[in-house]
Amino acid sequence: MSNETIYEELGVPHVVNAAGTKTRIGGSRIRPEAMDAMARASEAFVRLSDLQAEASELIAEVTGADAGYVTSGASSALALGAAACIAGDDIGAMARLPETEGVPDEIVMPRTHRTGYDHALRAVGARIVDVGTNDRHLGTGSRNVEPWEIADAIGENTAAVAYVEKSYTEPPLDVVCDIAHDEGVPVIVDAAAELPPMSNLSAFIDAGADLVAFSGGKAIRGPQTTGILAGGADLIESVAAQHLDMHAAEAVWEPAPKLVHPGRLGGVPRQGIGRSMKVGKEEIVGLIRALQLFVEEDHDAVIEEWLERARRIAAELDDVDGLEPSLTADDKTAVAPEVVVSVDPEVAGVTATDIVGGLRREEPRVFVGGDALPAGEFTVNPMCLTDDEADYAVERIVAHVEE
Ligand SMILES: *Cc1c(COP(=O)(O)O)cnc(C)c1O
C-alpha cells in the first residue's frame with residue numbers, strides 16, 4: 001500500500017477509509033471517468049443554465065421526476081428545495097430570503113426525522129415545526145408520530161413537509177405525501193445516502209415526493225461537492241432562479257428556456273440565497289458522467305464485492321482474542337454490508353475507544369466507524385477500501401489489540 005499520496009507531499013497524512021462514505025474524510029472515491037470529464041469541462045466555457053438544463057433532463061430520466069438540478073451537495077439541495085417551497089415564483093420573496101415576512105415559512109417534520117442536516121432548511125429562513133413524540137425510541141410508548149399529527153400541524157403558514165428517508169422511517173412516505181397534498185403543500189425528502197439500490201432513484205418520486213435530495217458524492221461517486229435535487233418543474237425553476245448567477249443585464253437575460261421562464265418570473269431575480277452554494281461547470285459535468293455510470297452499473301456485483309470484502313475482514317478479526325465481529329449485510333439500516341466488531345476489554349486489554357482513537361492518530365490515519373463506541377463496538381465498512389487497504393486496516397486493528 002502506497003504511503004506516497006499527494007497528501008503526504010503536502011505534509012498531511014492520508015486516510016485509509018474503513019468508515020464508509022463520510023464527508024469529513026473525503027466521501028467516496030470519485031469515478032475516474034468523472035474526473036476525466038471534469039478535466040475536459042475545464043477546457044471550455046458554457047452557459048451554466050444550459051448545462052443545468054441538460055443535467056435536469058438526465059435527472060428527470062433516471063428519477064422519473066419532471067426536472068432536476070445539480071447542487072453543491074444533498075445539504076444544499078435541501079436548502080434550495082426549502083427556498084423554492086417558501087418563495088415559489090415570487091421574485092420579491094426570493095430577494096428577501098432568509099427574511100420570510102409575508103410568505104408561509106413553516107416546514108412540518110415528524111420529530112423522529114429531525115437531524116443535524118435540517119439546519120439546511122433553517123438556513124434559508126424556514127421555521128421547523130416538529131410533530132409527534134420520541135416514545136418508541138425512549139421506550140415510553142409504542143408510537144412516535146401519527147399521520148393525523150402531520151395533518152393537524154399544517155396550516156396557512158406551512159410551506160412544506162420535510163421527510164428523512166430511511167427504510168424504517170415512519171409514517172410511510174406515500175401516506176405523508178397524501179396528507180401534505182390534501183392540504184396543498186409539497187414534500188421535501190432527504191434521501192442523501194439511500195443509494196444503492198438503484199430503484200431508490202425513482203422510488204420516492206413514485207411515492208409522491210415533490211423534491212428529493214441525493215448526495216452526488218456518496219455511492220454515485222461523483223464530485224464530493226455535488227448533490228442532486230429531483231422534483232417538479234416549477235419548484236426546480238425556483239431553485240434555478242435562486243441559485244444561478246444573476247449578474248445579468250435584463251435586456252439580454254435569456255436563461256435556458258427548459259429551466260427558467262423569465263416571463264413567468266416577471267423580471268430578473270437578484271442574486272439569490274443559493275448564490276453562495278455555487279456549483280461549477282466541472283462539478284456539473286462530473287456529476288452527469290458519474291450518474292450515467294451509476295445507472296449502468298451492475299449493483300448486485302458491487303454489493304457482492306463489498307460483501308466478500310466484509311466477510312474476509314470479519315473472518316480475520318474473528319481470530320483475534322477479545323474481538324467479536326459480525327456482519328450487518330441483512331440489516332435494513334445500512335445500504336452496504338458492514339462488519340460490526342464488539343470489543344471485550346477484559347480479554348482484548350483495550351477498549352473499542354482505545355482502538356478507534358489509536359487508529360486515527362497513526363500515519364496514515366486509519367478510520368473505522370465509531371458511531372457505536374458507547375456500546376463497546378466499532379465498525380469496518382468495505383465500501384471505500386481496496387483489498388490492499390482492507391488488509392492494512394485489519395493488520396493495524398490487530399496491532400492495537402496485541403501491542
Ligand atoms: C450525507 C447526508 C447529507 C449531506 O449530504 P452532502 O451531499 O454531503 O451535502 C444529508 N442528509 C443525510 C441523511 C446524509 O446522510
Side-chain angles (χ1 to χ4, degrees), residues 15 17 19-31 34 55 59 63 68-83 107 109-124 126 128 130 160-170 173 176 187-197 200-201 203-204 209 211-231 239 243 273-274 276-280 282-284 286-288 290-291 294 328 331-336 338 367 369-372 379 381 383-384:
V15 168
N17 180 0
T21 53
K22 300 280 188 273
T23 296
R24 61 194 170 276
I25 48 172
S28 59
R29 243 184 260 270
I30 188 170
R31 293 172 197 274
I59 294 166
T63 62
Y69 202 81
V70 182
T71 66
S72 60
S75 187
S76 95
L78 295 173
L80 291 168
I107 295 190
M109 286 185 87
R111 183 159 293 140
T112 46
H113 291 224
R114 295 295 307 271
T115 74
Y117 294 109
D118 58 45
H119 202 148
L121 307 173
R122 290 182 284 121
V124 301
I128 294 178
D130 56 16
V161 172
Y163 188 99
V164 177
E165 174 61 36
K166 293 280 167 189
S167 55
Y168 45 85
T169 37
E170 292 177 340
L173 179 58
V176 173
V187 177
I188 306 172
V189 176
D190 178 355
E194 300 315 294
L195 299 171
N200 276 355
L201 272 175
F204 315 130
L211 288 168
V212 181
F214 295 104
S215 250
K218 291 179 179 164
I220 293 173
R221 292 175 56 205
Q224 276 312 294
T225 50
T226 56
I228 294 173
L229 187 62
V239 164
H243 182 262
I273 190 122
S276 48
M277 307 172 202
K278 178 157 80 177
V279 186
E282 296 82 3
E283 281 77 26
I284 300 172
L287 186 277
I288 289 174
L291 184 56
F294 177 76
T328 60
D331 185 333
K332 292 203 311 182
T333 63
V335 291
E338 248 189 354
F367 268 68
D371 290 349
T379 54
N381 186 304
M383 283 177 83
C384 298

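For ligands, and for the atoms within them, numbers begin at 1 and follow the listed sequence. As a basis for the values below, the full set of heavy atoms in this structure was taken, side chains included, without hydrogen atoms, waters or symmetry mates. Note that the structure is predicted; figures quoted are calculated from it, not measured. Numbers here are sequence positions counted from 1.
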Worksheet item: With a 4.5 Å heavy-atom cut-off, do Val70 and Glu283 have their side chains touching?
Response: no

Worksheet item: Which ligand 1 atoms does Gly73 reach within 4.0 Å, using its non-hydrogen atoms?
Response: 7 (O), 9 (O)

Discussion item. Do Leu287 and Ile228 have side chains that approach each other closer than 4.5 Å (heavy atoms only, starting at C-beta)?
Written reply: yes

Discussion item. If you define the side chain from C-beta out and look only at heavy atoms, does anything of Lys22 sit under 4.5 Å from Phe367?
Written reply: no

Worksheet entry | His243 and Thr71: CA distance, side-chain angles, deciding distance, side-chain contact (heavy atoms from CB on, under 4.5 Å) verdict | CA-CA 9 Å; His243 182 262; Thr71 66; 5.9 Å; no

Response to the item:
Ranked by distance from atom 8 (O) of ligand 1, the top protein heavy atom is Thr23 OG1, 3.5 Å

Fill in: Validation row: Thr169, Thr112 side chains within 4.5 angstrom (heavy atoms)
no

Worksheet item: Which heavy atom of the protein is the closest neighbour of atom 11 (N) of ligand 1, given with residue, atom name and distance?
Response: Asp190 OD2, 2.7 Å

Practice prompt. Measure Ala74 to ligand 1 on non-hydrogen atoms and call it side chain, backbone, both or neither using the 4.0 Å cut-off.
Written response: both

Worksheet item: Going by the order shown, which atoms of ligand 1 are within less than 4.0 Å of some heavy atom of Ala193?
Response: 15 (O)

Response to the item:
the protein heavy atom lying closest to atom 9 (O) of ligand 1 turns out to be Ser75 N, 2.8 Å

Discussion item. Set out, in order, the CA-CA distance, both residues' side-chain angles and the distance that settles side-chain contact (heavy atoms from CB on, under 4.5 Å) for Thr379 and Asp371, then state yes or no.
Written reply: CA-CA 8 Å; Thr379 54; Asp371 290 349; over 6 Å; no

Worksheet entry | Contact atoms of ligand 1, heavy-atom distance to Lys218 under 4.0 Å | 1 (C), 2 (C), 3 (C), 5 (O), 14 (C), 15 (O)

Worksheet item: Under 4.5 Å between any side-chain heavy atoms of Thr63 and Val212, yes or no?
Response: no

Worksheet item: Which heavy atom of the protein is the closest neighbour of atom 4 (C) of ligand 1, given with residue, atom name and distance?
Response: Tyr117 CE2, 3.4 Å

Response to the item:
the protein heavy atom lying closest to atom 7 (O) of ligand 1 turns out to be Ser215 OG, 2.4 Å

